[in-house]
**Q** 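The following block contains the structure, expressed as structure tokens.
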Amino acid sequence: QVEVVESGGGLVQTGGSLRLSCAASGRTFSSALMGWFRQAPGKEREFVGSIRWSGGSTGYDYADSVKGRFTISRENAKNTVYLHMNSLKSEDTAVYYCALDPRASGWSRNRSAYEYWGQGTQVTVSS
């Protein structure tokens with residue numbers, strides 16, 4: 001019954017900004033690990049960043065390629081996380097996926113650690 005849905009993708013110019021949303025439904029998540037991944041044509045799906053909350057604490061993890069440009073935030077009232085993307089580059093073009101580990105068992109950048117996945121949303125950065 002758990003469902004993860006991404007939204008907010010689109011076409012943006014180089015240097016622009018975009019905000020992606022990821023809503024998890026089916027239950028409330030007092031603890032969870034939610035990650036953002038992306039996959040460009042011909043490439044492996046790669047880790048972008050993640051947010052983990054448990055026991056009232058929240059932590060963040062970012063890939064080096066996006067650190068300083070992308071920011072993850074959480075709005076717990078809506079059970080939603082956001083990926084704020086700034087200073088976008090052409091190499092950021094990809095399908096972006098939101099993933100959920102409701103167990104919050106620990107930090108992971110591996111796809112296999114995440115149980116639920118969204119359908120993906122296309123982000124295209126054009127010069």
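What you see is a predicted model, and the numbers here were worked out from it, not measured in a lab. For reference, positions follow the sequence shown, starting with 1.
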**Q** Give the cluster check for Tyr82 versus Met85: same hydrophobic cluster or not, with ILVMFWY residues linked at side-chain heavy-atom distances below 4.5 Å.
**A**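 No; tracing contacts between hydrophobic side chains, which count when under 4.5 Å, never links both residues.
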**Q** If we only count heavy atoms from C-beta on, is the Leu88 to Gln13 side-chain gap below 4.5 Å?
**A**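 Sidechains of Gln13 and Leu88: no contact.
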**Q** What donor-acceptor contacts under 3.5 angstrom involve side-chain atoms of residues 18-28, with partners at least two apart or in another chain?
**A**
none

**Q** Is the CD atom of Glu91 crowded by more than 12 outside heavy atoms at less than 6.0 Å?
**A**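 Counting other residues, nucleotides and ligands, CD of Glu91 exceeds 12 neighbours.
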**Q** Looking at SG of Cys98 and CH2 of Trp36, how far apart are the two atoms once the value is rounded to the nearest 0.5 Å?
**A**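 It is 5.0 Å, given to the nearest 0.5 Å.
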**Q** Side chains of residues 55-68: which donor-acceptor partners sit under 3.5 Å, not counting sequence neighbours?
**A**
{"residue": "Asp61", "atom": "OD1", "partner": "Arg109", "partner atom": "NH2", "Å": "2.8"}
{"residue": "Asp61", "atom": "OD2", "partner": "Arg109", "partner atom": "NE", "Å": "3.0"}
{"residue": "Tyr62", "atom": "OH", "partner": "Ile72", "partner atom": "N", "Å": "2.8"}

**Q** Could you tell me whether a side-chain N or O of Glu6 sits under 3.5 Å from a main-chain N or O of Gln119, the two making a donor and an acceptor?
**A**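 Such a contact is found between Glu6 side chain and Gln119 backbone.
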**Q** Please round to the nearest 0.5 Å and tell me the distance separating atom CE of Met34 and atom CD1 of Ile51.
**A**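 So the gap between those two atoms works out to 8.5 Å.
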**Q** Step through the shown structure and confirm whether more than 12 heavy atoms of other residues, nucleotides or ligands are within 6.0 Å of CD on Gln39.
**A**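 For Gln39, atom CD is crowded (more than 12 foreign heavy atoms under 6.0 Å).
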**Q** Write down the atom of Thr14, the atom of Ser127, and the distance for their closest heavy-atom approach.
**A**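 Nearest pair, atom of Thr14 first, then Ser127: OG1-OG, 3.0 Å.
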**Q** To check you understand the geometry: which heavy-atom pair defines the closest contact between Ser87 and Ser17, and what is its length?
**A**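 Smallest heavy-atom distance, with atoms named: N-OG, 4.4 Å.
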**Q** Quick check: do Lys89 and Arg69 have side-chain heavy atoms less than 4.5 Å from each other?
**A**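 With C-beta onward as the side chain, the pair touches.
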**Q** Provide the closest heavy-atom pair for Ala113 versus Arg103 in the form atom of the first, atom of the second, distance.
**A**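 Residues Ala113 and Arg103, closest heavy atoms: O-NH2, 3.4 Å.
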**Q** Write down the atom of Thr93, the atom of Val125, and the distance for their closest heavy-atom approach.
**A**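 Closest heavy-atom pair between Thr93 and Val125: OG1-N, 2.9 Å.
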**Q** Distance check, rounded to the nearest 0.5 Å: Asn79 atom CG versus Leu100 atom CG?
**A**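 Asn79 CG to Leu100 CG: 8.5 Å, rounded to 0.5 Å.
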**Q** Looking at Gln122 and Ala94, what are the two nearest heavy atoms and their distance?
**A**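 Scanning both residues completely, I find the closest heavy atoms to be NE2-O, 3.4 Å.
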**Q** So which atom in Asp92 and which in Tyr96 form the shortest heavy-atom distance, rounded to 0.1 Å?
**A**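 Where Asp92 meets Tyr96 most closely, the heavy atoms are O-OH, 2.7 Å.
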**Q** Members other than Tyr114 in its cluster, when Ile, Leu, Val, Met, Phe, Trp, Tyr link by side-chain heavy atoms under 4.5 Å?
**A**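 Tyr114 clusters with Leu33, Phe37, Phe47, Val95, Tyr97, Trp107, Trp117.
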